[in-house]
Each structure stands twice: as structure tokens, then as C-alpha cells.
Amino acid sequence: MKLPVEENPLYLQRVAKLGEIRSRGTDPYPRKFDYTHSLPQLVAEMGSLDSAALEQRQDQAVRACGRIVAMRGFGKACFLQLAEGGARLQVYVKKDQVPAEDFELLGMLDVGDFIGVDGPLFRTKTQELTVLVKKMTLLSKGLLPLPEKWHGLTDVELRYRQRYLDLVVNPEVRNTFVVRSRVIQELRRFLDARRYIEVETPMMHPIAGGATARPFKTFHNALGMPFFLRIAPELYLKRLIVGGLERVYEINRNFRNEGVSTQHNPEFTMLEFYQAYSDFRDLMALTEEMLTGLAETITGSRTVSYCGHTISFDSWRRFRLKEAICHFWDEKCGTAPVEEDLADAGKLERLLRSCRIEPPKDSSAGQLLGLLFETVVEEHLIQPTFIFDYPVELSPLSKKCPDDPSTVERFELYIGGFEIANAYSELNDPMDQFARFEEQVRSRGRGDDEAHEMDEDYVRALAYGMPPTAGEGIGIDRLVMILTDSRSIRDVILFPHLRPEQGRSTEAAEPVEEKPHA
RNA sequence: GGGCCGUUAGCUCAAUUGGCAGAGCAACUGACUCUUAAUCAGUAGGUUGGAGGUUCGAUUCCUCCACGGCUCACCA
């Protein structure tokens with residue numbers, strides 16, 4: 001294989017060093033290294049010992065390893081900084097303390113190489129914990145230079161494309177993904193402790209349902225049929241409720257064939273959970289408990305800083321959707337409406353126009369209401385806020401409010417100005433569900449290609465009986481954004497989708513049609 | 001998809017009105033056995049994202065293309 005970088009002089013220099021190392025009989029890529037301590041372990045266990053205490057245990061050498069991230073040479077001595085496990089430790093190689101061949105090897109090392117060291121710990125005169133190296137082993141030779149140590153890697157395109165470099169050079173990036181892992185771990189723990197079981201449902205769906213979104217299409221050759229990558233696991237999870245798994249959750253990817261932005265990635269991670277014998281108000285309480293505890297466990301505080309705002313998980317607010325529009329109305333757009341105005345399509349259109357939004361044609365009152373909400377309210381919802389009582393047109397899978405059939409028992413949770421969670425009392429009346437699907441199909445016929453398709457098996461499942469159930473989806477990526485103060489969803493996804501680099505596009509660059517070929 | 005902005009050495013960034021393409025770090029050579037972005041002296045490193053155009057002359061002005069960022073639309 002021809003590396004694309006082989007004309008790079010820095011690369012060629014290192015290849016020359018590699019040859020020199022081999023010619024001396026040293027394997028630059030040995031098998032393993034048995035270390036006595038990870039670097040975080042050393043820092044934790046020895047970080048508080050003073051010089052005298054370290055002197056006492058001087059005959060107890062440690063074996064540690066890591067990537068060289070800094071080298072400072074002094075002719076007959078050299079300080080190196082190793083990075084491993086998210087920690088860094090200094091090691092000191094002195095000519096009169098190591099075998100001659102080890103000191104010669106030092107001259108062939110570069111920042112980026114991996115080494116292992118043996119030796120006692122001591123403190124330098126500036127009190128830095130340091131390994132006094134008695135034996136040094138090359139563990140892996142790097143051939144390309146790492147980005148600069150001081151400014152790090154800031155070009156976002158390179159950071160996303162070559163995330164491995166971003167992780168090596170920018171420690172806060174590593175932390176973001178450690179936090180992400182802990183968030184998921186904590187959510188599992190929270191739900192497991194409440195008698196939930198974790199399940200895995202199909203990612204390939206014959207009918208893309210459970211959300212309003214355009215799906216990705218693929219094709220199964222042997223079955224000779226198209227599939228959609230799932231846009232939501234919802235309909236499968238509720239089938240499990242029908243089957244008697246009263247509390248289920250799933251954490252996995254959804255795929256939506258929509259635009260990308262700082263808040264949208266084509267594949268994103270969602271926690272969905274369903275709890276029988278409960279309604280959406282129970283989930284509001286559960287969500288409050290879950291996320292407050294999560295913030296506290298992850299960040300050590302109920303207050304987090306996000307994009308210059310201070311978000312407090314002690315001040316949860318609740319507004320009905322119409323109430324929120326009246327409450328957050330900007331007087332610059334005219335006199336604030338009263339809730340009664342928000343039921344009439346004509347009045348809603350006038351209100352939208354006064355906000356300089358041209359209402360789309362053929363929209364129902366519910367759709368206009370949703371649009372008005374996004375326009376007027378969304379940006380104000382920095383503190384954790386539940387918005388509830390949604391129009392039925394926007395919620396084909398939710399149960400209607402008993403006293404108002406135009407409204408459903410549904411809430412969305414907003415934090416930091418965007419939607420984090422969406423929950424409702426699940427519609428379990430099979431005949432009502434069938435009618436709502438029919439309405440969606442009519443809507444599709446009018447050109448709304450995000451409207452639901454009819455899912456007959458799902459209706460059949462409901463017809464066998466589903467207990468009253470509440471369900472919720474929480475966007476994990478966005479939640480992690482809030483907890484790590486990340487402005488873009490790409491900063492919490494290890495490999496966000498980008499176009500291929502120029503000249504390196506894949507063979508599958510042309511659009512894949514779902515036509516079968518034998 | 002639309003609008004705006006960006007792309008210069010391995011990395012981070014300069015370059016006046018269109019006039020020899022530069023610095024810091026990294027690298028290389030040398031000095032240096034407690035440094036912390038080590039220091040000092042020296043050396044090398046470029047098809048200025050790509051293709052055209054205007055011009056005596058283009059990193060700079062124009063057109064097209066590629067990729068990215070922000071934003072709007074769509075959505076979660």
C-alpha cells in the first residue's frame with residue numbers, strides 16, 4: 001500500500017529512523033508490555049507523596065507506558081511526557097542511569113511514539129512527580145508528526161475527519177466522550193433499578209414508523225425487498241408492551257434522511273423507554289428525577305454552564321403549549337394573543353405573519369400552532385422546561401386529552417433552547433389508532449412525505465390489548481451537549497458525517513437505487 | 001438546497017494599493033545531566049484547495065469546481 005504522505009519529508013525522516021532502529025536489532029513494534037501501574041493509577045496513588053516518602057520506596061520501581069507527547073532534551077539527559085489513560089506523567093532519562101543502547105534509542109524517538117519505562121519515582125526540584133528511567137522500551141514507532149503542542153488541532157474539518165488526532169492532542173475532547181459513556185451508563189443504571197429491561201429491536205424496518213421524518217432506504221438482496229433504516233423504535237417497543245414486557249428501554253441509533261446542522265446528525269442516538277400503567281405526567285416526574293440526578297452525578301452539581309447560560313436543574317418549569325406562546329410573546333410582534341385566539345386557523349395565520357413568518361398553505365390549526373410555538377417560544381427555553389398539551393395533528397400516536405379532543409397528552413422537554421425529550425400517553429385504542437393512520441395516509445397523499453404510513457400489524461397488536469402506557473424518547477447526543485457545554489452535535493459524536501475528502505471518494509459514491517439485480 | 005465566510009509549510013497563523021510568500025511551534029545540525037510552550041546558534045521545509053480568466057506581474061481581482069464553518073429552510 002502506498003501511503004498518501006510518503007513524499008512528506010517529516011514522514012521520510014521518521015522512516016529513516018525506523019530503519020536505523022531495526023538495523024540495531026530492536027523491534028519497533030513489539031507484542032506487549034506488562035505495566036505495574038496505569039498513569040491515572042500512578043497519579044492517584046503517588047501524587048500526594050512528597051520527596052521523602054518517594055525516597056523511602058526508591059527500590060520499588062514502577063513499570064509504566066504511554067505515548068510521548070513532549071520531549072525536552074539536554075544533551076546527556078531528557079525529560080519526556082507520557083500520556084496514557086487520560087493522564088500524563090513525566091519521565092526522566094539520564095545517560096548515566098540507563099543502558100547505553102537505551103540512550104542511543106532516545107535519539108531515534110519522536111513525539112508520538114509509544115514507550116514503556118522502568119524505574120523509581122522521584123520529585124524534581126519543581127516537585128513534579130517523575131519516573132527516573134532505568135530501562136526504556138520502544139513499544140511503537142509513529143511515522144507522521146502529531147499536531148503542534150501549544151495551539152493543538154483547531155481546524156474543525158481535520159478534528160472530525162481525523163478524530164484520533166483530536167483525541168490525542170485535545171484533552172477536553174477525550175473528556176467529552178468519557179462523559180458521554182458515563183451518561184449512557186447512568187441512564188441504564190437508573191432504568192435497570194426501576195425494573196426496566198433493555199431490549200434491541202430492528203434497525204431495518206419494512207415500514208418506517210414511529211416518527212415524522214424521511215427515512216434512508218436500503219435493499220435486502222436475498223429477500224428481494226426494500227428496507228428502511230429506522231427513524232424510531234417506538235412501534236416495536238410498544239409491541240413488547242402488548243407482549244407483557246411492561247417496562248422496556250432501548251438505547252441505539254435512529255437514522256433520518258434530513259439536513260445536517262449543529263443540532264442534527266443523520267444518525268443520532270436515542271433512549272426510548274415505555275412504562276405500562278402510567279401516563280405522561282408520571283414521565284414528567286420520572287424525567288425530572290432522572291436528569292437532575294444525572295447532572296449531579298456527571299458534573300457534581302445541579303447547575304451546569306451551557307453556551308454562556310447557567311442552567312439549573314433545580315428550577316424545572318411547566319407550560320401548556322398555548323400558555324407558553326402567550327407567556328413568551330414578543331410585544332414587538334404586536335399585542336400578545338390570548339389562548340382562545342390560538343384555536344382558530346385564521347387567527348394563527350395572522351399571528352404568524354405578525355412574526356414575519358409566511359404560514360404554509362393547507363396547514364391545519366394544529367400545524368400552525370406548532371409553527372408559532374417554534375417561532376415565538378423555543379429560543380427562550382434555556383432552563384429545563386416541559387411544554388405539554390400538543391395539538392393532535394402533530395401527534396398521531398398519542399392519547400387525546402379527555403376534556404379536549406384537539407389536544408393530546410404529550411410533552412416535550414426543552415433545555416438550552418432545543419428539544420431534549422418527547423413523551424406521551426400512548427394511544428392504545430386500536431380503532432382510534434387505525435383512524436389516525438388513515439388520516440396520516442391521506443396527508444401523505446397530499447404530498448406530505450413525512451407523514452406516517454399505515455402499519456397494520458401495529459394496529460393488530462393494539463387490538464390484542466395494550467395496557468395504558470407512557471413512553472418517552474431522550475436525545476442522548478443533545479443531552480451530552482448540555483452536560484459538556486458543546487455548541488455542536490458534531491462535538492459529541494466521535495465520527496460525524498462529512499463528505500469524503502477530495503480524491504478519496506469511495507466506489508459507492510453514486511446514489512444507490514433500490515433496484516434489485518439478481 | 002439558499003445566503004454569508006473560509007481554505008497559505010506537518011500544526012497555529014501573517015503577508016500594506018496587485019510587486020521577491022513570512023513567523024512561532026514541530027523537524028534537521030550543534031551546545032546543554034532538574035526541564036515544564038526549556039534555552040541558545042544554525043539549516044531545511046511551499047504547485048498559497050483545484051481549474052480557468054484579467055494583468056508586464058495574482059496569496060491578493062473575476063468565473064467555475066471541491067471541501068468546511070456559520071446561518072436559513074427541513075427535522076429531533
Side-chain angles (χ1 to χ4, degrees), chain A residues 5 7-14 16-17 51 69-81 88 90-98 103 107 110-112 122-128 130 132 142-162 165-166 169-170 210-215 231-232 254-270 272 357-358 360 370-371 374 378 394 412-414 418-422 448-450 473-479 481 487-490 496 498-505:
Chain A
V5 288
E7 284 90 31
N8 178 343
L10 298 179
Y11 173 83
L12 294 175
Q13 275 168 15
R14 290 182 175 212
K17 287 180 181 174
S51 290
V69 291
M71 284 179 90
R72 292 182 284 273
F74 288 87
K76 298 190 182 64
C78 186
F79 287 95
L80 299 95
Q81 204 171 28
R88 294 186 171 194
Q90 181 168 271
V91 306
Y92 186 35
V93 184
K94 256 174 131 173
K95 188 172 185 183
D96 59 12
Q97 296 284 322
V98 294
F103 197 77
D110 290 288
V111 169
F122 75 108
R123 283 196 184 275
T124 63
K125 69 180 180 190
T126 54
Q127 296 306 307
E128 177 151 349
T130 304
L132 179 62
L143 299 179
L144 287 170
L146 291 176
E148 191 217 1
K149 60 187 170 189
W150 185 240
H151 297 91
L153 188 66
T154 59
D155 181 331
V156 290
E157 183 175 354
L158 284 180
R159 287 186 45 220
Y160 299 147
R161 282 195 203 285
Q162 295 183 273
L165 291 181
D166 195 25
V169 181
N170 298 324
T212 52
R214 268 190 292 274
I231 56 175
N254 290 342
F255 306 86
R256 298 192 184 173
N257 209 338
E258 312 276 359
V260 299
S261 78
T262 48
Q263 286 166 38
H264 300 84
N265 196 59
E267 53 181 304
F268 63 101
T269 300
M270 185 101 121
E272 275 203 22
I357 301 286
E358 183 55 33
L371 186 56
E374 284 167 27
E378 229 173 66
L394 304 179
E412 292 193 351
L413 170 64
Y414 284 81
F418 49 80
E419 187 189 334
I420 293 286
N422 178 17
D448 179 358
D449 54 4
E450 287 179 6
I474 297 182
I476 299 298
D477 312 279
R478 289 180 176 182
L479 184 60
M481 285 169 71
R487 191 171 293 273
S488 169
I489 199 169
R490 299 187 203 72
L498 301 174
R499 286 195 172 83
E501 285 175 84
Q502 204 169 0
R504 275 197 219 169
S505 56

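The basis for the numbers below is simple: all heavy atoms, side chains too, and nothing from hydrogens, waters or symmetry mates. Every chain is numbered from 1, with letters handed out A, B, ... down the list of sequences.
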Query raised in the report: Think A/Lys76 has a side-chain N or O under 4.0 angstrom from the OP1 or OP2 of B/rA31?
Result: no
Report task. Quote, to the nearest angstrom, the P distance that separates B/rG53 from B/rG68. Result -> 28 Å
**Report entry** Any A/Ser261 side-chain N or O less than 4.0 Å from OP1/OP2 of B/rG69
**Finding:** no
Query raised in the report: Got a sec, which residues hit side chain to side chain contact (heavy atoms under 4.5 Å, CB included) with A/Glu267, two or more places apart in sequence or on another chain?
Result: A/Arg253, A/Phe255, A/Asn265, A/His497
Query raised in the report: Once Watson-Crick and G-U wobble pairs under 3.5 Å are found, how is RNA chain B written in dot-bracket notation, 5' to 3', with | for any base paired to another strand?
Result: (((((((..((((.....[..)))).(((((.......))))).....(((((..]....))))))))))))....
Query raised in the report: When every nucleotide of nucleotides 35-48 of chain B is labelled 5' to 3' by its protein contacts under 4.0 Å (heavy atoms), B for base, S for sugar-phosphate only, - for none, what sequence of letters results?
Result: BBBB----------
**Report entry** Any A/Thr212 side-chain N or O less than 4.0 Å from OP1/OP2 of B/rA76
**Finding:** yes
Query raised in the report: Taking the side chain of A/Glu419 as its heavy atoms from C-beta onward, which of B/rA76, B/rC74, B/rU33 lies nearest to it?
Result: B/rA76
**Report entry** With A/Asp166 via side-chain hydrogen bond (donor to acceptor under 3.5 Å, both in side chains) - residues at least two apart
**Finding:** A/Arg159, A/Arg163, A/Asn170
Query - Nucleotide of B/rC28, B/rG10, B/rA76 approaching A/Leu10 most closely (side-chain heavy atoms) - result: B/rG10
Query raised in the report: How long is the line joining CG of A/Leu498 and P of B/rG49, in whole Å?
Result: 20 Å
Query raised in the report: Are any of A/Arg490's side-chain N or O atoms less than 4.0 Å away from OP1 or OP2 of B/rC70?
Result: yes
Requested in this report: Tell me whether the OP1 or OP2 atom of B/rC67 has a side-chain N or O from A/Arg499 closer than 4.0 Å.
Outcome: yes
**Report entry** Any residue meeting side chain to side chain contact (heavy atoms under 4.5 Å, CB included) with A/Thr124, in chain and number order, not counting sequence neighbours
**Finding:** A/Phe79, A/Gln90, A/Phe122, A/Thr126, A/Glu128, A/Thr130
**Report entry** Between B/rU60 and B/rU55 - P atom distance, rounded Å
**Finding:** 16 Å
Requested in this report: Give a yes or no on this: more than 12 heavy atoms of other residues, nucleotides or ligands lie within 6.0 Å of atom NZ of A/Lys95.
Outcome: no
Report task. Could you tell me whether A/Asp96 contacts a base, only the sugar-phosphate backbone, or nothing, with contacts defined as non-hydrogen atoms closer than 4.0 Å? Result -> base
Report task. Taking all heavy atoms of A/Gly210 and all of A/Ala232, pick out the closest pair and write down the distance. Result -> O-CB, 3.6 Å
**Report entry** Of the listed nucleotides B/rG69, B/rC11, B/rC74, the one nearest the side chain of A/Tyr160
**Finding:** B/rG69
Query raised in the report: Can you tell me how far P in B/rA76 sits from the matching atom in B/rG3, rounded to whole Å?
Result: 26 Å
Report task. Under 4.0 Å between any heavy atoms, over every strand shown, what does A/Gln97 touch: base, sugar-phosphate, or nothing? Just pick one. Result -> nothing
Report summary line: Judged by nearest nucleotide, the residue sitting upstream toward the 5' end of RNA chain B, A/Val111 or A/Glu267, is A/Val111
Query raised in the report: Excluding sequence neighbours, so at least two apart, what forms side chain to side chain contact (heavy atoms under 4.5 Å, CB included) with A/Val260?
Result: A/Pro266
Report task. Using a 4.0 Å heavy-atom cut-off across all strands, classify A/Phe122 as base, sugar-phosphate, or nothing. Result -> base
Report summary line: Out of B/rU33, B/rG10, B/rC28, minimum distance to the side chain of A/Tyr92 belongs to B/rU33
